[in-house]
Amino acid sequence: MNKETYIIKIDPENMEEQLAYAGKLLSDGKTVAFPTETVYGLGANALSESAVDAIYEAKGRPSDNPLIVHIARLDMLDELAEEIKPYAKILMEAFWPGPITFVVKKKAHVPYKVTGGLETVGVRMPSHPVALKLIDLSGVPVAAPSANLSGKPSPTDVKYVLKDMMGRVDCIVDGGDSHVGLESTVLDVTGDVPVILRPGKITREMIVEIVGACEVDPALDNKSEHDLAPKSPGMKYKHYAPDAQVSVYSGDRMTVIKTFYNRIIEVIESGMSIGVMIFDEDALVLEKLLEKDEIFMRSSDKLHLMREGSSKELDTFARNLFKDLRKLDEVGVDVILVHGVSENALGHAIMNRLEKASEGRVFKI
Ligand code: TXA
Ligand code: MG
C-alpha cells in the first residue's frame, strides 16, 4: 500500500479551520487517524462499507473484529441504535463524553462490516476536543479502531501512528498525547445488567456506584474453568504484544524488587539487554541494590528502567504503559519485566493489557 498521507499538526487556536479538510476526507469515504483521550483512532465513515474496508486494509486486521463507532452528539446515537435501556441512558449521561463504549442493538442500516456480523454496535462519544470537532465537521458517525498495525500496542503518541500508518491512510491528525493511555471500557448494555467486555478507565466500581450493578464477562479474565469465547471478539486476538518477552510479577513489594534484581543480573550476564517497568519508589530501592553489584556496574547500559509514577496512583502507569512497551521495543531489549498491580479499579484494565502483552506470563510471587 502506498497512499499519500496528509499530516495536520493541530494548533488549538485555529483547530476548526485545520480540521475542516480532515472532516471532508471522512465524509468522502477516506481514512483519517486522529487523537482521542484513550488512544489514537483510525477513522472512516461507519455507514460506508468501502470506507470501512479501507480501515481493515490499513490495519491488516481480520474483518470479523467489530469496530467502535464514534459520535460527537447524543442525537447521532439515534441513527445507530435500535433501543437504549433506561439504565444505559443514565450511564451515558454520567460518562459521556469519555473513555467508555456502549454495546447496543444496532439499526438495520449499520453495516455488518462494522459490527463484525453482530446485531449489536459499539458506540462511543470521546472527550478529546480534536476528536469531537473532527466527527462533528465530518457529519458522519466515525468507525475507528486503535491506529496501530494489528498486533502492535495501541498508539498514545502520534509518533507511533506515523510509524505504523504513513502511506497506509489518507490523513493523520497530530493532536498531542492521549492522556488516558488505555483503550475505552467496553460495556454491553443490551441485557438487564451491564457487563464489562473490556476493562478500562471507567471501572466496574464507578458503574456500580451509579446503577447499582455491573458484571464482568467471565471469558475476559480467563478465570473460568471452561475455555469461554470472549463476547468482545477483539479480545481473542494477540494484542498489545511487543517484540521482547514480557513477564509480569505481582506480590510483596520487596520480593518483587529482589526478583527484578536477580533477573537483571542473570539477563545481563548472558549478554542480553533488559527493560524494567517499575514504580518510582521501588526504582530507588532497586538502584541502590544494583549500585553495589560489580556485574551490573560493568554493563549498566544493558538496563532500561522505566518509571511508572507512584504505586498509589495508577493513572501514570496506565498512561505510559503502551508507550513504554513501544520505547523498549525501539531500544531493542530482549526481556521486559513489569511490576503487576492488584486487579481492582484501574488495576483491572492494566492487568488485562499486561496479560496480553506477556502472553500470560503473569507470576504471583
Ligand atoms: O478507546 C478506544 O476504544 C479506542 C479509541 C480509538 O476509541 N478504540 C479501540 O478500538 O480500542 P479497537 O477496534 O482497537 O477495539 C474495539 C473493541 C474490541 O475489543 C471489539 O471486540 C469491541 O471493542 N467491540 C466493538 N464492537 C463490539 C460489539 N458490537 N460487541 C462486542 N464487542 C465489541
Ligand atoms: Mg486495538
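If you're wondering where the values come from, they're calculated on a predicted model, not measured in any experiment. The chain is numbered in sequence order, starting from 1. Indexing begins at 1, ligand by ligand and atom by atom, following the structure's order.
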**Prompt:** After noting the C-alpha distance and the side-chain angles of Y6 and Y21, does the key distance pass the ring pair (Phe, Tyr, Trp, His ring centres under 6.0 Å) rule?
**Reply:** CA-CA 10 Å; Y6 185 75; Y21 179 67; 5.0 Å; yes
Ignoring angles and geometry beyond distance, decide whether [X] reaches within less than 3.5 Å of ligand 1 through its nitrogen or oxygen atoms.
X: Y40; result: no
X: K59; result: no
X: R198; result: yes
X: S146; result: yes
X: H70; result: yes
X: T38; result: yes

By number and element, which atoms of ligand 1 are closer than 4.0 Å to a non-hydrogen atom of [X]?
X: G41; result: 6 (C)
X: A144; result: 6 (C), 8 (N), 10 (O)
X: N65; result: 20 (C), 21 (O)
X: V186; result: 23 (O)

**Asked** Within 45° of the ring axis of Y112 and under 6.0 Å from its six-membered ring centre, is that where the NZ or CZ of K106 lies?
**Response**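 Judged by the rule, K106 and Y112 form a cation-pi pair.
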**Asked** E183 and side chain to side chain donor-acceptor pair (under 3.5 Å): which partner among R124, R353, K201, R198?
**Response** R353
**From the candidates S184, P66, G122, G117, the one that places a heavy atom nearest atom 2 (C) of ligand 1** =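 Considering heavy atoms of S184, P66, G122, G117, the nearest to atom 2 (C) of ligand 1 sits in S184.
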**Message:** Considering L118, T36, V114, D188 one by one, which has a heavy atom nearer to atom 30 (N) of ligand 1 than any of the others?
**Reply:** L118
**Prompt:** If you count the non-hydrogen atoms of other residues, nucleotides and ligands that lie under 6.0 Å from NZ in K323, is the total more than 12?
**Reply:** yes
**Prompt:** Near N14 CG, under 6.0 Å, is it more than 12 heavy atoms from other residues, nucleotides or ligands?
**Reply:**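 Yes, the 6.0 Å shell around CG holds more than 12 heavy atoms from other groups.
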**Message:** As an exercise, state the distance from CG of L26 to CD1 of I135, rounded to the nearest 0.5 Å.
**Reply:**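 Reported value, rounded in 0.5 Å steps: 8.5 Å.
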**Request:** Calculate, to the nearest 0.5 Å, the distance between atoms CZ and OG belonging to R319 and S178 respectively.
**Result:**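 Result: 11.0 Å between the selected atoms.
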**Request:** Please find out if the Mg ion (ligand 2) and some N, O or S atom of S146 are separated by less than 2.8 Å.
**Result:**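 Yes, S146 qualifies, because one of its backbone or side-chain N, O or S atoms lies under 2.8 Å.
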**Fill in**
For residues 273-286, the salt bridge (Lys or Arg N to Asp or Glu O under 4.0 Å) pairs (sequence neighbours left out) are R253-D282
**Request:** For residues 328-340, pull every pair meeting salt bridge (Lys or Arg N to Asp or Glu O under 4.0 Å), keeping only residues two or more places apart or in separate chains.
**Result:**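 Sorted result for residues 328-340: K159-E330.
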**Fill in**
With heavy atoms and a 4.0 Å threshold, my read on which part of T115 contacts ligand 1 is neither
**Request:** Measure T120 to ligand 1 on non-hydrogen atoms and call it side chain, backbone, both or neither using the 4.0 Å cut-off.
**Result:**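 For T120, backbone and side-chain atoms both sit under 4.0 Å from ligand 1.
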**Worked verdict on H339 versus Y249 for ring pair (Phe, Tyr, Trp, His ring centres under 6.0 Å)** = CA-CA 5 Å; H339 198 322; Y249 295 90; 9.3 Å; no
